[in-house]
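So the structure is just underneath, and the comments pick up after that.
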2 protein chains.
Amino acid sequence: MLRGLVSVVPAEDITAVVNTGDDIVLHGLNISPDLDTVTYTLAAAIDPVQGWGLEGETWNAMAALDRFGGQTWFRLGDRDLATHLYRTQRLSEGAGLDEVTGEIVGAWGLGLCVLPMTNDRVETRVTLADDGAEIGFQEYFVGRGHAVPVRSVRFCGVEQARPAPGVLDAIATADRIVVCPSNPIVSIGPVLAVPGILDAIVTRRDDVVAVSPIIAGAALKGPADRMLVELGHEPSAVGVARLYAPFASTLVIDVADAALADQVAAEGIRPVVVPTIMRDAETSAALARAVLAG
Amino acid sequence: MLRGLVSVVPAEDITAVVNTGDDIVLHGLNISPDLDTVTYTLAAAIDPVQGWGLEGETWNAMAALDRFGGQTWFRLGDRDLATHLYRTQRLSEGAGLDEVTGEIVGAWGLGLCVLPMTNDRVETRVTLADDGAEIGFQEYFVGRGHAVPVRSVRFCGVEQARPAPGVLDAIATADRIVVCPSNPIVSIGPVLAVPGILDAIVTRRDDVVAVSPIIAGAALKGPADRMLVELGHEPSAVGVARLYAPFASTLVIDVADAALADQVAAEGIRPVVVPTIMRDAETSAALARAVLAG
């Protein structure tokens, strides 16, 4: 979605506020998967097959870590490791995550502003339906391949978290606020849970456009559809409308869900029906234009 | 020296007590250069040209870190990084450095016991003669290429440090205690400065054999000769004898220093004159035999 936006709007005009609830400390390193995926994607450096990590990556550190029986379930490529080494060193020197993120994004030559939702530690934790065990998000998502049903989700530490510097200002001054088609529970949810952010967005409701991540009852990738069901929501554009109507005035839904437009409208959010599957630069740009047009 | 010893004695009979004063935390990783160099050397995996790091190493993480202007002065190869990732993760889980070191040494298939001098944090710090600035050991050794004169050296935190589990027992029960030909100030010095270790060695003085790292007035590598001068010691086998006589009964000196044997003896330590330059497996084994014969 961001790739589409930067193709139709000057990058300098865009601020991306990114979920950090799935950050993890592993091997002593501060790893921010969502921030890095945004950065690598916009830098056209991401591995297009995996959808994470760097294209043409080498895996010598992980292979060597296997010798020790180390934790290699969370794969970190050699060049990707450098991002975490840099972030960890800078944080240990007292820099804020927003500052470090700006440095990393700048080093990749990107013009947009990428902000973590908060500089404080928030940890998305997932309670499994089967045995009631609570595990970290990455252990659920990567370790278990999100193949286990979820009973509940919480964002540990979020009550004490403050929005990162610049987040509230970006929301207050944006021409348009776009809620990208991502998992409503564990990707959008943590951002909205940081005290102050939801209120700021509600204030701007008329200018908030969300894009449904659910198309014809399913998520294009990831566990969003299953997770919605498991947590008692409807896995459809209507279910998303119900979740987003309090803070968004417009919901972009896919042409495959055109028949749901009236039901979406009944939730109090204006439906816009366009193709939302971003197959290439062309379709991404078209969706971005539709979103900005509102 | 250890390579020679393991070639003439069963590895299972050897305990190596290793300096950790030059350990460094960088990028959030716990790096123990001396422990790793011992391990990599005995595993025949060390880069023979550099004398540190792994042979056939790749440097993709460091190259990527350069993009961010990160700290790349302390070079960490991709496979070497795995050692630090593993160590840091295990320490963060509450394991002691001795335990983690045992796991790493075991993973390399080595039969000897390698112990850190202490599990506690001790930091060798160097005050420069020129401007009186105090810097960490690695900044002196690697960052400045040990090319600056030193005014003083201290082992920050050593007063509170305790010998790692097994160290005092190894000293008390060893048939022979070998002080390897290493820098007396910054490699042997920190080990002896851990409260309890010097006393334990003094008790075993009759069985302590040291090998002079100074041959014909010079160190084979590193700054030991200059450092001895800078700190007011004589850069010769006699100077080493003076430093080691309190706890060692025998000093092995090189044939090049045969003429100094009487002066060494006058310091109260018995000289043994043999070739001490370890050019290959053969000469290392010969020196090891001489050391064990005492």
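Below, read A as the first sequence line, B as the second, and so on, with proteins coming before strands; counting in each chain starts at 1.
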Please tabulate, one pair per line, the N or O donor-acceptor pairs under 3.5 Å between chain A and chain B.
from    : atom 1 : to      : atom 2 : distance (Å)
A/His27 : N      : B/Gln89 : OE1    : 2.7
A/Thr58 : OG1    : B/Asn60 : ND2    : 2.7
A/Asn60 : ND2    : B/Thr58 : OG1    : 2.7
A/Gln71 : NE2    : B/Glu93 : OE2    : 3.1
A/Gln89 : OE1    : B/His27 : N      : 2.7
A/Glu93 : OE2    : B/Gln71 : NE2    : 3.1

Does any heavy atom of chain B fall under 4.5 Å from the side chain of A/Leu29, the backbone, both, or neither of them?
side chain

Does any backbone or side-chain atom of A/Leu26 lie under 4.5 Å from a heavy atom of chain B? Answer side chain, backbone, both or neither.
both

Residue pair B/Leu85 / A/Leu81, side-chain heavy-atom distance below 4.5 Å:
yes

Nearest atoms (heavy-atom pairs only) where B/Ala82 meets A/Ala61:
CB-O, 3.3 Å

